[in-house]
Number of protein chains: 2
Amino acid sequence: MVKKTTIYDIAENLGLTAATVSRALNNNPKISEKTRKLVQKTALLMNYEQNTLAKALKSGKSYNVGVIVPRIDSNFFASVIRGIEEELYPKGYHVIICQTHDQEEQEIGNINSLLSAQVDGILMSITNAQTKSNIFESISKKNVPLIFFDRKKDIANVSSITIDDFDGAYQATKHLIKQGYKRIAHLSNDRRLEIFKNRFLGYKQAILDSGLEYDESLIIETHSKVLAGRASTKRLLSLENPPDAIFSTSDFSALGAIQEIKSQGLRIPEDISVVGFSNEPFTRFMELSITSVDQSPIEMGRKAALVFLEEVDKSLKTKKAQQIVLQPELIIRKSSLKTNL
Amino acid sequence: MVKKTTIYDIAENLGLTAATVSRALNNNPKISEKTRKLVQKTALLMNYEQNTLAKALKSGKSYNVGVIVPRIDSNFFASVIRGIEEELYPKGYHVIICQTHDQEEQEIGNINSLLSAQVDGILMSITNAQTKSNIFESISKKNVPLIFFDRKKDIANVSSITIDDFDGAYQATKHLIKQGYKRIAHLSNDRRLEIFKNRFLGYKQAILDSGLEYDESLIIETHSKVLAGRASTKRLLSLENPPDAIFSTSDFSALGAIQEIKSQGLRIPEDISVVGFSNEPFTRFMELSITSVDQSPIEMGRKAALVFLEEVDKSLKTKKAQQIVLQPELIIRKSSLKTNL
DNA sequence: TTGTACGCGTTATCAC
DNA sequence: GTGATAACGCGTACAA
């Protein structure tokens, strides 16, 4: 290992003191312009690089933040992370990404290892509605800012950035109704998670507001997976009185729905219409492009990062948790556009 | 901020010395079983947590490794990362993920900030063939293990984990030839990157070995994007003597190819056949599933992590760079399976 | 404006 | 087996 130059080396070299060097390097005001220039020049010359570990130890900050998501191989989460990075990198922070793969133990394990890695904050989208709240509270107690995005949990003093899932679902369902569909099914997901509950409620409200019959047999709780969506759709299609449209809480299950519908020889959107949620890129690239609800993930990530930056240097007392809600946008494509054909 | 308990607190509490506490906590052999138990119990009682920053400062290790990839929202890279995590987490390492978004400046910037964050190693898939080698050499010089996966560069003393891209391409092309296709086009990519060069060479060799005509006009250099693939395919189809099959170096451009082919009213695979590369999940889920080459990304990630673990504690002198090559697997699906119809 | 001295929390080296 | 002490590299009161 090549010995790294420290401020001591520079000091020695210049006949100064490490303290002076430190000050010069940090642009401390009470230092003569002359020594500042001199120090900075020699620092460059000697290939000096600040030891972030020492700085971290001293300041108590690691300049690392943890981001926990269910998975990174979805465009939505990848984009949120990108938004976070865009705000945080320029401020000198690094992002440690952890995946839970939708497993509670992983979620807890990730939180613990991030805390023991002394991250300055944790930005996360929760995996499981059942995860005991006390693990989250323990984060707050350590005065490590905790910020939820997308999948949140109501916890005192914890900020969150979400979209208006109710409204997104409402818009999507209304759009189907306007197209003339009357029996609209809903592929839901674990409704103990707020996002799925709210999407369900938005769907339901749109149905009721339009004077359509709200039929519980048309609601199926499934997973955000292609195969799960396909299986659930099979059940829907085998109903005595099957739906003429499906609003899915996930693009992945929407894709499964489309597969099943096609395999049964039905036409989309003539016989049955499909709308997804998240605006994953594949919805645009399918031969039969899928109508979906955009969640502006990059924006969500940026906002989450900004809230973190606000909170990071405040004490627990002075900070005010904020609940930011972004507006979703319905992107209409072929899978639901009857009039276009 | 709640004051954290340190080994001093424990020592004081027990009338011992910090050194003893440290030893007890680290299971140092020369410590009595009695004090060990006692210390560990009180540590638990006092909610002691080791300060990783201090440990890092002392040991010179951060227990962070950097992973740099072009992007994380592709299943391939996400899976490699997963493989890396699976090996490294149990060893106490954390993974800092950086994206280059295929931009050289980002690549350099990421490397520098990872180095200044004092990561213990960098695992990366390079973005740009042109990136000056000296930045990579500067990593090695600092005795920070550098390991390439997938997209590598030949640099002395740097290990790499790749698949046999030549063979993957060879298999894919041979498969098309066996199906009876005679004019096989190739959607390539920047061939200054080894993976794309090797895939091209594998394709070419398969053509030559089969006694088919090698026609340069059937080779197009494009990008791993749907729209780029589509545009390139348009050019191919407008040739005087258009191809009857396309082997794409990317699943994304293969998808674009399929879109273009369909939009021109041609049938797949009857009129023209398509094979991709990477085995992205969507290739399986399309109504017209896409034949592709699997790169066993999780395995690749695990291997990369293992090589890192081997190298991390060795000095520059004693370590031997290894070039590990994994075997790709051709996954045959509808987009190329003529005989099945 | 600069130097002195100390603390951040841990571990390693030397004594006893 | 345990204690005392130094060292990792930095930043910062306090003194000068």
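Chain letters run A, B, ... following the sequence lines, proteins first and then strands; every chain starts at 1.
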Enquirer: Closer than 3.5 angstrom, by distance alone: can the side chain of Glu107(A) be matched with the main-chain N or O of Thr127(A) as a donor-acceptor pair?
Expert: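 Answer holds: yes.
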
Enquirer: Within the side chain of Asn26(A), is there an N or O that forms a donor-acceptor pair under 3.5 Å with the backbone of Asn28(A)?
Expert: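 No; zero donor-acceptor contacts below 3.5 Å.
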
Enquirer: Side-chain N or O of Gln50(A) less than 4.0 angstrom from OP1 or OP2 on dG11(D)?
Expert: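 Looking at the OP1 and OP2 atoms of dG11(D), one of them is under 4.0 Å from a side-chain N or O of Gln50(A).
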
Enquirer: When only distance counts, do a donor and an acceptor, one from the side chain of Arg23(B) and one from the base of dT13(C), lie under 3.5 Å apart?
Expert: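 Indeed, a donor on one side and an acceptor on the other fall under 3.5 Å apart.
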
Enquirer: Using whole Å, report how far CD1 of Ile7(A) lies from C1' of dC6(C).
Expert: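 To the nearest whole Å, that distance equals 14 Å.
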
Enquirer: For dG7(C), does the base pair up with any side-chain atom of Lys58(A) as donor and acceptor (N or O, under 3.5 Å, distance only)?
Expert: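 Side chain to base: pair found, below 3.5 Å.
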
Enquirer: Can you tell me if Ser32(B) touches the phosphate of dT2(D), counting only side-chain N or O atoms and a distance under 4.0 Å to OP1 or OP2?
Expert: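 Yes, such a contact exists.
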
Enquirer: Answer with yes or no whether the side chains of Thr17(B) and Thr20(B) bring together a donor and an acceptor at under 3.5 Å.
Expert: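 Side-chain D/A pair, Thr20(B) to Thr17(B): absent.
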
Enquirer: Under 4.0 Å, heavy atoms only, any strand: does Leu16(B) hit a base, just the sugar-phosphate, or nothing?
Expert: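 Sugar-phosphate: the residue Leu16(B), judged by heavy atoms under 4.0 Å, touches backbone atoms but no base.
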
Enquirer: Find which nucleotide of DNA chain C each of Lys30(B) and Lys55(B) is nearest to by heavy atoms, and output the residue with the more 5' nucleotide.
Expert: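 First, find each residue's nearest nucleotide; the 5'-ward one identifies Lys55(B).
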
Enquirer: Need one value for Ser59(B): base, sugar-phosphate or nothing, where a base atom within 4.0 Å counts as base even if backbone is also close, heavy atoms only.
Expert: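 Ser59(B): no heavy atom of the nucleic acid under 4.0 Å.
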
Enquirer: Toward the 5' end of DNA chain D, which comes first, Ala18(B) or Leu57(B), by nearest nucleotide?
Expert: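 Between the two, 5'-proximity favours Ala18(B).
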
Enquirer: Can Gln118(A) and Asn64(A) be counted as having a side-chain donor-acceptor contact under 3.5 angstrom?
Expert: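 Per modelled atom types, Gln118(A) and Asn64(A) side chains form no pair under 3.5 Å.
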
Enquirer: Please give, in whole Å, the distance from dG1(D) P to Asn28(B) CG?
Expert: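 The distance from CG of Asn28(B) to P of dG1(D) comes to 10 Å, rounded to the nearest Å.
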
Enquirer: Rounded to the nearest Å, what distance is computed from the NZ atom of residue Lys37(B) to the P atom of nucleotide dT2(D)?
Expert: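 From Lys37(B) NZ to dT2(D) P: 15 Å.
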
Enquirer: Locate the shortest heavy-atom distance separating Ala24(B) from Ile31(B); write the atom from each residue and the value.
Expert: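 Heavy-atom minimum between the residues: N-CD1, 4.2 Å.
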
Enquirer: Is Asn26(B) close enough to dT11(C) that one of its side-chain N or O atoms is under 4.0 Å from OP1 or OP2 there?
Expert: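 Looking at the OP1 and OP2 atoms of dT11(C), one of them is under 4.0 Å from a side-chain N or O of Asn26(B).
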
Enquirer: Does Tyr48(B) put a side-chain nitrogen or oxygen below 4.0 Å from OP1 or OP2 of dT10(C)?
Expert: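 Yes, such a contact exists.
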
Enquirer: Under 4.0 angstrom, heavy atoms only, what part of the nucleic acid is Thr17(A) near: base, sugar-phosphate, or nothing?
Expert: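 Base contact - Thr17(A) has a heavy atom under 4.0 Å of at least one base atom.
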
Enquirer: Between Lys61(A) (NZ) and dT12(D) (P), how many Å, whole number?
Expert: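 Atom-to-atom, Lys61(A) to dT12(D), this comes out as 13 Å.
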
Enquirer: Tyr8(A) OH to dC6(C) P: how many Å, rounded?
Expert: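 Result: 12 Å.
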
Enquirer: Looking only at side-chain N and O atoms, does Ser22(B) come under 4.0 Å of OP1 or OP2 in dT11(C)?
Expert: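 Answer is yes, contact under 4.0 Å.
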
Enquirer: Measure from CG on Asp9(B) to P on dG9(C) and round the result to the nearest Å.
Expert: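 Taking atom P of dG9(C) as the reference, CG of Asp9(B) is at 8 Å.
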
Enquirer: In whole Å, I'd like the distance from the CG atom of Leu53(B) to the P atom of dG11(D).
Expert: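 My rounded result for the distance is 13 Å.
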
Enquirer: Among dA4(D), dT10(C), dG3(C), which nucleotide sits nearest the side chain of Ala54(B)?
Expert: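 Closest nucleotide to the Ala54(B) side chain: dT10(C).
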
Enquirer: What is the separation between atom CD1 on Ile10(A) and atom C1' on dG3(C), rounded to the nearest whole Å?
Expert: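 After rounding, the gap between these two atoms is 17 Å.
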
Enquirer: If the plane angle is over 60° it's perpendicular, under 30° parallel, otherwise tilted; pick one for Phe136(B) and Phe148(B).
Expert: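 Perpendicular.
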
Enquirer: Which of these nucleotides, dG9(C), dT2(D), dG9(D), is closest to any side-chain atom of Asn51(B)?
Expert: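 My answer, after comparing the listed nucleotides, is dG9(C).
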
